[in-house]
Amino acid sequence: MVRVTTPGVRLLPNAITVLALCAGLSSVQFALIGNYPMAIASIGIAAVLDSLDGRIARLLDATSKMGQELDSLSDGISFGVAPALVLYVWHAEGERIGWVASLIFAVCMILRLARFNTLIEDTEQPPYAGEFFVGVPAPAGGLLAMLPLILELQFGQGWWSHQYVVWVWTIAVAALLISRIPTLSLKTVKAPPKAIAPLLVGVGLLAAAIIQFPLVALAIALVLYLAHIPYSVYRHRWLANHPEAWMAPPRERRAIRRSSSRRRLGLRPPLRRVVAGAAQRVRLQRGEQHVARAPRTISTDKDRDNGRGPRRRSWRRIGLRKR
């Protein structure tokens, strides 16, 4: 069946991308008038819109080369130029080191997006490469750069708002943008059917936390994102060393991970067959013949008198006392 896409539908993803661009640029205007909470909110709105335009374009079959280029330019301005200018207006006070740090962040963001565009056309990547980003993605990098400003607005001035700490943090986030560190991509995360209801409850709690405590919720989310990077590196290395798990579904992949962890620890897999009523376990091998035991007869007093019954043990003979 051929899907027919109207020109208005094809325009929708590009319109969302332009809205994200406008939101990112508006953060600079809010920073110039001293409204820093709205500056952070504008970059957050740009991040949400950026996550929607690509999905809507694929859903409506409205992807195009122009849309990809427009998306990259929007990300470079919304998450590279805009956060750099907001930080410079907030904490530079005309010093040259502040402007140098802002330039480094903006340039690293553009380089990160250029590398991302080249990796899209690379067809020689392994199958598991689609589950990871190379370096920190643009929306996460733009929000991570704003973390010192978020902490100052919520908790007041501290070591996190010191001028040189802010610029060192900005350069560190810029290094994460152009690094080769793998980070998880939420586009390929699949939730099992049993986890749908808990996830919906979690989404509701997250929405309530954002409404009531927006800065605290955003700061916690950014810290958790940084904390997931070691796990992402471990998962990337594990997949690179286990080609049998590349195309396996999540359940089989978890089984492969458990079996590999048992082999690494030197543990034996549990036996499948257990003899009922006994403490020992018996593994039935191929070709083994089952020998039936003779039925146990009950001896009577007459049999014991004739010498045919089993001999009764004497506690005195074996050196034990009868309780």
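Only a predicted model underlies this, so the values are computations on that prediction, with no experimental measurement involved.
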Cluster link [X] to [Y], ILVMFWY, side chain under 4.5 Å:
X: Val89; Y: Ile171; result: no
X: Phe105; Y: Leu226; result: yes
X: Leu12; Y: Val48; result: yes
X: Val166; Y: Trp159; result: yes
X: Phe155; Y: Phe213; result: no

Does some side-chain heavy atom of [Y] sit less than 4.5 Å from a side-chain heavy atom of [X]?
X: Val173; Y: Val136; answer: no
X: Pro37; Y: Leu153; answer: yes
X: Pro83; Y: Ile43; answer: yes
X: Ile40; Y: Phe30; answer: no
X: Val100; Y: Trp167; answer: no
X: Trp90; Y: Glu152; answer: yes

Would you compute the distance between atom [atom1] of [X] and atom [atom2] of [Y] and round it to the nearest 0.5 angstrom?
X: Cys108; Y: Leu113; atom1: SG; atom2: CG; result: 11.5 Å
X: Leu11; Y: Leu60; atom1: CG; atom2: CG; result: 11.5 Å
X: Thr170; Y: Leu144; atom1: OG1; atom2: CG; result: 11.0 Å
X: Thr183; Y: His236; atom1: OG1; atom2: NE2; result: 10.0 Å
X: Trp160; Y: Ile150; atom1: CH2; atom2: CD1; result: 13.5 Å
X: Leu215; Y: Leu147; atom1: CG; atom2: CG; result: 11.0 Å

Looking only at non-hydrogen atoms, find the nearest pair between [X] and [Y] and report the distance.
X: Leu176; Y: Ile181; answer: CD2-CD1, 4.0 Å
X: Glu131; Y: Leu239; answer: OE1-CD1, 3.7 Å
X: Pro137; Y: Tyr225; answer: CD-OH, 3.0 Å
X: Ala20; Y: Ser78; answer: O-OG, 3.1 Å
X: Val86; Y: Ser27; answer: CG2-O, 3.7 Å
X: Ala39; Y: Ala31; answer: CB-N, 4.2 Å

According to the interplanar angle, ranging from 0 to 90°, do the rings of Phe116 and Phe133 count as parallel (below 30°), tilted (30 to 60°) or perpendicular (above 60°)?
tilted
Steps toward side-chain contact (heavy atoms from CB on, under 4.5 Å) verdict (Asn14, Val18)
CA-CA 6 Å; Asn14 294 334; Val18 173; 5.5 Å; no
Has the side chain of Arg115 got a donor or acceptor atom that lies under 3.5 Å from a matching backbone atom of Val134?
yes
So Tyr88 and Val28, side-chain contact (heavy atoms from CB on, under 4.5 Å) or not? Walk me through it.
CA-CA 10 Å; Tyr88 180 76; Val28 180; over 6 Å; no
Check the pair Ser74 / Phe79 against side-chain contact (heavy atoms from CB on, under 4.5 Å), numbers first and verdict last.
CA-CA 8 Å; Ser74 174; Phe79 309 118; over 6 Å; no
Please determine which of Thr17, Leu21, Leu70, Asp50 meets the side chain to side chain contact (heavy atoms under 4.5 Å, CB included) test together with Asp75.
Asp50
From CA spacing to verdict: side-chain contact (heavy atoms from CB on, under 4.5 Å), Arg235, Phe132
CA-CA 10 Å; Arg235 182 174 176 179; Phe132 302 91; 3.9 Å; yes
Are His228 and Tyr231 near enough that their ring centres are under 6.0 Å apart?
no
